[in-house]
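Residue indices begin at 1 and follow the sequence shown.
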Amino acid sequence: LQGFVTGLSNGKRTRKTIENILLTLSSILKTARTWGYDIPKVCLSDLALPQETQHEAHCFTLDEMSRIIKTADEPLSTVCFILSATGMRIGEVLALRLQDLDFRRKLVKIRGSVYDGEIGTPKSKASMADLPMPAALENRLKKYMESPHYKENVLGLLFVNRRERPYSANKLREKKLQPLLADLKIQRAGFHSFRHAVASQLIDAGAPISVVQAQMRHSDPRITLGIYGHVVPQSQRDAVESLAARL
């Protein structure tokens, strides 16, 4: 187990990710023990885990998101617009069905997520939620559904590939997004940078942390603060600017 943990600690995974992997493995080993396999019980505290390091989340600027949306081909353009307007995860966007779009109540319902081209459940229980649908997003979705880029399919998905299957986020990133970023001379990044950008922009605009937590669908506001604690809201800048001017 220690060798397994050491192999995971190659700098590409956070301590939290490694802990989640070990929790899953622990559940597997516990089941094996109940089935009679002779497997020793190892506690998490018995293993040497990597030290937690805080990395500032990379995010696009508003200008960069706008340029990506304007330049990208469909369906990538609409996918990026949804990411930029909601802060959804890419897997959740690729799993959107028509029934998840409530135009009457102006809501986007998060009920699924795509992993490696297959539809599954969202990341967590907190991830299953209804998000507000801004007017600009409503118009964009309706326009896309009326365009030749949208294909009706047996899965009822908003976005499908030529085989009428869900898109793979990895392939979409490698074959479409990253070449586009290179052409636009924007720093190489993944779809999660849209999510980070939305949270950062909300905080910068002075939205309460509870509002940002609800939009990001974090189970605890401390998660939101842990990821975006480096963002200095404009309201804080204005307050300090006012104080300094009075001094």
Side-chain angles (χ1 to χ4, degrees), residues 4 7-25 55-61 64-65 67-97 100 108 110-124 126-128 131 140-141 144 149-151 153-200 216-218 223 227:
F4 177 62
L8 293 174
S9 308
N10 57 4
K12 296 181 179 179
R13 300 175 182 86
T14 64
R15 179 187 174 98
K16 181 61 178 175
T17 297
I18 295 173
E19 288 178 353
N20 289 341
I21 293 172
L22 288 176
L23 287 174
T24 303
L25 179 59
H55 297 286
E56 187 173 309
H58 173 71
C59 62
F60 294 123
T61 64
E64 287 172 340
M65 289 192 291
R67 288 165 58 204
I68 292 169
I69 292 167
K70 289 177 180 178
T71 311
D73 295 329
E74 291 291 5
L76 181 62
S77 179
T78 298
V79 167
C80 292
F81 191 94
I82 298 172
L83 292 170
S84 303
T86 65
M88 291 170 62
R89 300 176 179 90
I90 180 61
E92 297 164 347
V93 172
L94 297 179
L96 281 176
R97 293 183 169 95
D100 299 327
V108 178
I110 314 299
R111 297 294 183 268
S113 187
V114 172
Y115 303 94
D116 295 325
E118 298 294 332
I119 302 175
T121 57
K123 183 180 179 181
S124 64
S127 297
M128 297 183 66
L131 297 179
R140 181 64 185 249
L141 289 170
Y144 171 77
H149 302 289
Y150 168 69
K151 305 175 186 176
N153 55 90
V154 67
L155 297 175
L157 291 171
L158 194 59
F159 306 105
V160 290
N161 59 24
R162 285 176 294 181
R163 296 182 292 113
E164 297 195 356
R165 296 289 304 162
Y167 278 100
S168 164
N170 290 335
K171 291 181 179 178
L172 204 59
R173 181 187 68 247
E174 293 170 7
K175 295 183 178 181
K176 296 292 184 180
L177 177 64
Q178 291 184 345
L180 177 62
L181 295 180
D183 291 341
L184 295 174
K185 294 180 171 52
I186 296 174
Q187 181 180 333
R188 183 183 176 90
F191 287 110
H192 217 64
S193 291
F194 287 100
R195 180 172 169 83
H196 290 319
V198 171
S200 297
M216 295 296 101
R217 290 161 293 124
H218 291 147
I223 297 174
I227 300 173

Quick check for you: to the nearest 0.5 Å, what is the distance between [X] atom [atom1] and [Y] atom [atom2]?
X    : Y    : atom1 : atom2 : answer
T71  : L181 : OG1   : CG    : 10.5 Å
L76  : L172 : CG    : CG    : 5.5 Å
F191 : L94  : CZ    : CG    : 7.5 Å
Q187 : T61  : CD    : OG1   : 11.0 Å
I90  : R173 : CD1   : CZ    : 10.0 Å
R111 : D100 : CZ    : CG    : 7.0 Å

Given 3.5 Å as the limit, does a donor-acceptor pair link the side chain of [X] with the main chain of [Y], or not?
X    : Y    : answer
R67  : L184 : yes
N153 : K151 : yes
R188 : Q178 : no

Full working for side chain to side chain contact (heavy atoms under 4.5 Å, CB included) between F194 and I68:
CA-CA 11 Å; F194 287 100; I68 292 169; 4.0 Å; yes
Taking the side chain as every heavy atom from C-beta outward, state whether [X] and [Y] have any pair of such atoms under 4.5 Å apart.
X    : Y    : result
R165 : L155 : yes
V160 : P166 : no
L157 : L96  : no

Check residues 77-89 and write down every donor-acceptor pair under 3.5 Å in which the side-chain atom is one partner and the other belongs to a residue at least two apart or another chain.
unit_1	atom_1	unit_2	atom_2	d
S77	OG	I69	O	2.6
S77	OG	R140	NH2	2.6
T78	OG1	E74	OE1	2.9
T78	OG1	E74	OE2	2.9
T78	OG1	R140	NE	3.4
S84	OG	C80	O	2.8
T86	OG1	I82	O	2.7
T86	OG1	M88	N	3.1
R89	NH1	E92	OE2	2.9
R89	NH1	S127	OG	3.2

Which atom of P122 lies closest to which atom of M128, heavy atoms considered
CG-CG, 3.4 Å
Nearest heavy-atom neighbours spanning F60 and G190
CE1-O, 4.0 Å
Should we say atom CG of D73 is surrounded by more than 12 heavy atoms from elsewhere, each under 6.0 Å from it?
no
Should the ring pair Y144 and F159 be called parallel, tilted or perpendicular, given that the plane angle runs from 0 to 90° and is split at 30 and 60?
tilted
H192 vs H196 aromatic rings, parallel, tilted or perpendicular, using cut-offs 30° and 60°?
perpendicular
Please evaluate residues S9 and I18 with respect to the criterion side chain to side chain contact (heavy atoms under 4.5 Å, CB included), reporting the C-alpha separation (whole Å), side-chain torsions for both, the decisive distance (0.1 Å), and the verdict.
CA-CA 8 Å; S9 308; I18 295 173; 3.6 Å; yes
